[in-house]
Amino acid sequence: MNTAASRALTETPRPQPDSVPGAQPTASGRAVTAGQDVRVLVPASMPGACGPLPGSTFSSCPVLVLEMVFRKLNISDLTACSQVCRHWCQVANDRRVQLSCLRRTFLTDHRLQMERALDSQLLRASLMPWYEAPATEAEPESAAVAKREPSPGQLLCRALQKMLLTKHFYPGVCSKSTLLRGTMHDIACNLDGRLIASLRRVRGTPGSSINLWQDTADQVVVRPGADLVSARVLRFQFSSDGGKLRVLYGNGMVQVWQPHPEGGWYIEPGPARLLFGLRIRKSVLSPDGKRLAVMHEMWRVTVRIHCEEARGDWDLTPELNLLDPLGAGVLDDVDTYDPDRVLMQFSDDGRHFVFGFEHDLGIWTRLGRAWQRTGEMRTTDPLWGQPVFDTQSRMLVLGCCCDSDQGFVAPVELLFYRLQEVSEQEVRWTPVRQLGGRQFQGLSTGIQTGDRLAVAFSPDAELMACPHYSEDRRAVFVVPVSGPGAWWQGTVLRSEEEHKEQVPCGLVSSLQFSASSCYLAAGADRVVTLWGRYPSWQALLRINNTARHTAVPFVFSPDGFHCLCVTSGCPEGPDRVRIWGPVSAGGYGCKWSVTLQQGSRVEKVLFTPDATRLVMAVYYRRPVWEGSSECKGFRMGSRLFYYHLSPTKLPRPESEPAPAAEPVWPDLIEPFF
């Protein structure tokens with residue numbers, strides 16, 4: 001029986017976080033080793049299958065009572081409840097109940113994006129046979145219901161149910177691209193996940209190039225346009241409708257790629273320059289991809305915001321044109337400062353824009369079709385890390401710190417600003433001096449080790465996570481931001497098992513909530529810890545990868561319940577890719593694993609927006625020997641892997657790649673250093 005549902009039926013409130021900041025760790029229990037790089041942390045209170053309530057049976061609950069309870073669950077708990085009995089299955093599969101749970105689980109924009117991604121002929125035709133039969137079979141649908149064309153919301157529910165109920169993913173289709181020279185530094189896909197673009201760079205060449213793939217099976221032929229071999233790509237992105245690709249170069253050039261009626265793609269003719277050849281120092285996209293902010297240098301610093309045109313290009317006439325946005329003298333000498341220290345950020349809804357440097361920061365808000373300056377801040381200590389908005393874009397968090405005399409970065413002070421709507425045409429950002437029952441000037445957090453502020457808000461707008469301000473500054477502090485105990489009660493996330501075994505923990509450098517708000521990933525020095533939120537905070541995974549020189553590749557799936565991590569036993573590989581997700585009895589386990597070939601390394605991983613396919617950019621390095629002992633150099637190349645998470649009906653052993661034929665290597669041999 002589902003724990004959340006049984007608790008709701010007995011009117012038992014969900015456990016609240018421990019009060020008083022600095023409380024004892026909440027996660028405890030035994031650790032199960034799943035290899036040297038991943039430890040599955042099993043809490044002692046891991047919920048199992050509960051029995052029926054005293055004096056009742058599963059099928060004795062009235063339909064109205066079950067509907068009231070089920071509507072307050074997330075989609076994962078609802079799916080688990082549908083496996084209890086036939087009566088619960090019928091209520092849980094009601095369209096109104098499912099849509100209510102979807103709205104509680106995801107933000108509206110995220111839910112609609114997943115629905116649009118699934119609502120295509122390709123995915124509609126192949127949705128139901130994607131996954132293996134679950135461990136506990138759901139009640140079969142009637143013939144009339146099965147023939148009925150499902151709505152986008154129902155389609156999303158079916159896909160999520162299959163993803164959550166399957167015990168293992170056995171990808172039935174895996175396509176891989178040809179081997180290309182250089183490394184793939186970034187990848188992107190369009191809305192339906194069929195088109196993939198990769199940014200490729202080759203050592204020794206000044207520029208970078210874009211490659212376009214369709215399901216990665218074949219490279220899309222692009223008819224050439226302007227010669228930009230020596231230009232460096234700053235960013236590339238598919239248009240909102242997914243039918244075009246925009247490429248922005250560092251010299252201000254913009255190319256628009258689109259499909260040709262006779263096959264292949266071509267570069268659209270017309271205005272080829274966005275900023276008339278001015279060198280762009282920094283750029284940032286709004287989360288919805290419909291606005292682009294660029295900072296460029298002329299004789300003075302200028303910031304512009306360009307909107308997406310109907311044809312897919314950027315409008316040459318900017319929506320906002322700021323000359324010396326922070327005032328004269330702040331950024332006079334553009335060659336003496338680090339662009340990474342410049343703060344540029346859009347809010348999640350794209351309505352607000354932040355620009356700052358050192359001690360000065362300004363906020364602009366789009367009111368109707370015009371942008372207005374709605375806030376100015378000047379801090380005592382220099383600004384540090386990119387600003388963070390809450391999910392409702394009504395609160396802004398800034399980080400400030402100064403370099404200490406000992407040579408390391410001092411603890412970061414968090415400053416909070418709240419949006420106040422004076423009228424329909426006037427809003428302003430004001431500093432927050434009191435949150436809940438606490439009065440303060442700022443909130444001190446752990447030592448900042450990167451260029452991004454380690455602060456995250458949960459998508460359901462209930463929690464904020466940041467590094468804890470204790471003496472070691474290595475734990476995570478989660479504080480509620482809504483409800484009676486907002487900003488006053490808090491929970492310290494530190495695994496008691498790790499504390500007892502004195503497992504070294506690095507400084508918390510990144511925090512990320514899943515789209516469902518049910519999981520929190522805390523990144524440290526080549527370590528990622530995954531925390532589960534319900535029924536109470538508990539450490540689920542500890543991913544340790546000391547062989548890598550960079551952070552562990554980790555990404556949440558858009559469905560909000562699965563995640564992917566990449567680990568390796570040595571710096572030269574081979575890399576091992578795992579997908580983790582909910583399993584039976586309320587646990588969290590590995591549902592797919594694959595080990596790549598020796599000498600390969602995963603550079604980038606990406607789930608498609610529908611959460612049912614996976615794209616990986618893999619880098620290969622093979623030594624070339626001259627004679628029998630001297631290394632002449634290396635052959636280096638990259639390729640894309642495209643996995644359909646579509647299990648077959650017959651279970652197979654742990655998914656490992658079959659021996660493949662020797663790939664066709666590029667002619668380039670890079671010298672040995």
Side-chain angles (χ1 to χ4, degrees), residues 71 73-80 82 92-93 95-131 149-166 169 187-196 215 237-243 285-290 348-350 391 458-461 512-519 521 555-564 579-582 591 605-615 642-646:
R71 285 174 181 269
L73 303 178
N74 63 48
I75 196 65
S76 177
D77 289 335
L78 181 69
T79 301
S82 68
N93 286 331
R95 181 181 62 87
R96 296 168 300 175
V97 173
Q98 290 180 339
L99 294 181
S100 176
C101 291
L102 281 180
R103 296 189 185 100
R104 291 184 60 87
T105 305
F106 304 112
L107 291 176
T108 302
D109 291 343
H110 184 78
R111 174 177 56 84
L112 293 178
Q113 183 184 41
M114 293 187 67
E115 290 180 1
R116 287 194 299 266
L118 284 166
D119 193 15
S120 65
Q121 291 183 349
L122 172 68
L123 298 185
R124 276 186 174 274
S126 57
L127 177 63
M128 300 316 295
W130 272 348
Y131 309 106
E149 185 76 6
S151 66
Q154 291 173 309
L155 199 67
L156 176 59
C157 284
R158 292 188 185 185
L160 291 175
Q161 287 173 346
K162 293 293 184 179
M163 292 285 289
L164 293 169
L165 290 176
T166 187
F169 296 133
I187 53 178
C189 69
N190 68 340
L191 183 62
D192 61 12
R194 298 188 67 180
L195 292 171
I196 299 98
D215 292 348
Q237 177 217 19
F238 286 96
S239 58
S240 338
D241 59 5
L285 277 170
S286 61
D288 59 6
K290 294 184 178 181
D348 289 345
D349 58 5
T391 53
S458 60
D460 61 8
Q512 180 186 5
F513 280 95
S514 66
S516 62
S517 302
C518 295
Y519 303 97
V555 62
F556 275 117
S557 169
D559 66 17
F561 299 98
H562 294 83
C563 66
L564 179 146
I579 294 181
W580 301 78
K591 303 174 78 167
V605 288
L606 174 71
F607 282 98
T608 57
D610 55 85
T612 64
R613 289 163 289 173
L614 175 68
V615 183
Y642 187 87
Y643 294 94
H644 290 258
L645 301 180
S646 50

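These numbers were taken from a predicted model, which means no experiment stands behind them.
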For [X] and [Y], indicate whether the former's side chain and the latter's backbone hold a donor-acceptor pair under 3.5 Å.
X    : Y    : value
K290 : S240 : no
N190 : F238 : no
S82  : T79  : yes
S514 : F556 : no
H110 : S516 : no

Heavy-atom side-chain proximity of [X] to [Y] below 4.5 angstrom:
X    : Y    : value
K162 : T612 : no
V615 : C189 : no
L564 : S557 : no
P582 : H562 : yes
R194 : R613 : yes
L606 : I196 : no

Test side-chain contact (heavy atoms from CB on, under 4.5 Å), reference P152, set R116, M114, E115, output is E115

Separation of [Y] [atom2] from [X] [atom1] (nearest 0.5 Å):
X    : Y    : atom1 : atom2 : answer
L156 : I75  : CG    : CD1   : 7.5 Å
T105 : R111 : OG1   : CZ    : 10.0 Å
N93  : C157 : CG    : SG    : 9.0 Å
L107 : D349 : CG    : CG    : 11.0 Å
D288 : Q113 : CG    : CD    : 10.0 Å

Practice task
Count the heavy atoms of every other residue, nucleotide or ligand shown that sit under 6.0 Å from CG of D109, and state whether that count exceeds 12.
Solution key: no

Specify whether F106 and F561 have parallel, tilted or perpendicular ring planes, treating 30° as the upper limit for parallel and 60° as the lower limit for perpendicular. perpendicular

Atom of [X], atom of [Y] and distance for their closest heavy-atom approach:
X    : Y    : value
G153 : L102 : O-CD1, 3.7 Å
M163 : L645 : CE-CD1, 4.3 Å
R71  : R104 : O-CD, 2.7 Å
A92  : V97  : O-CG1, 4.5 Å
S517 : D460 : OG-N, 3.0 Å
P609 : P558 : O-CB, 3.9 Å

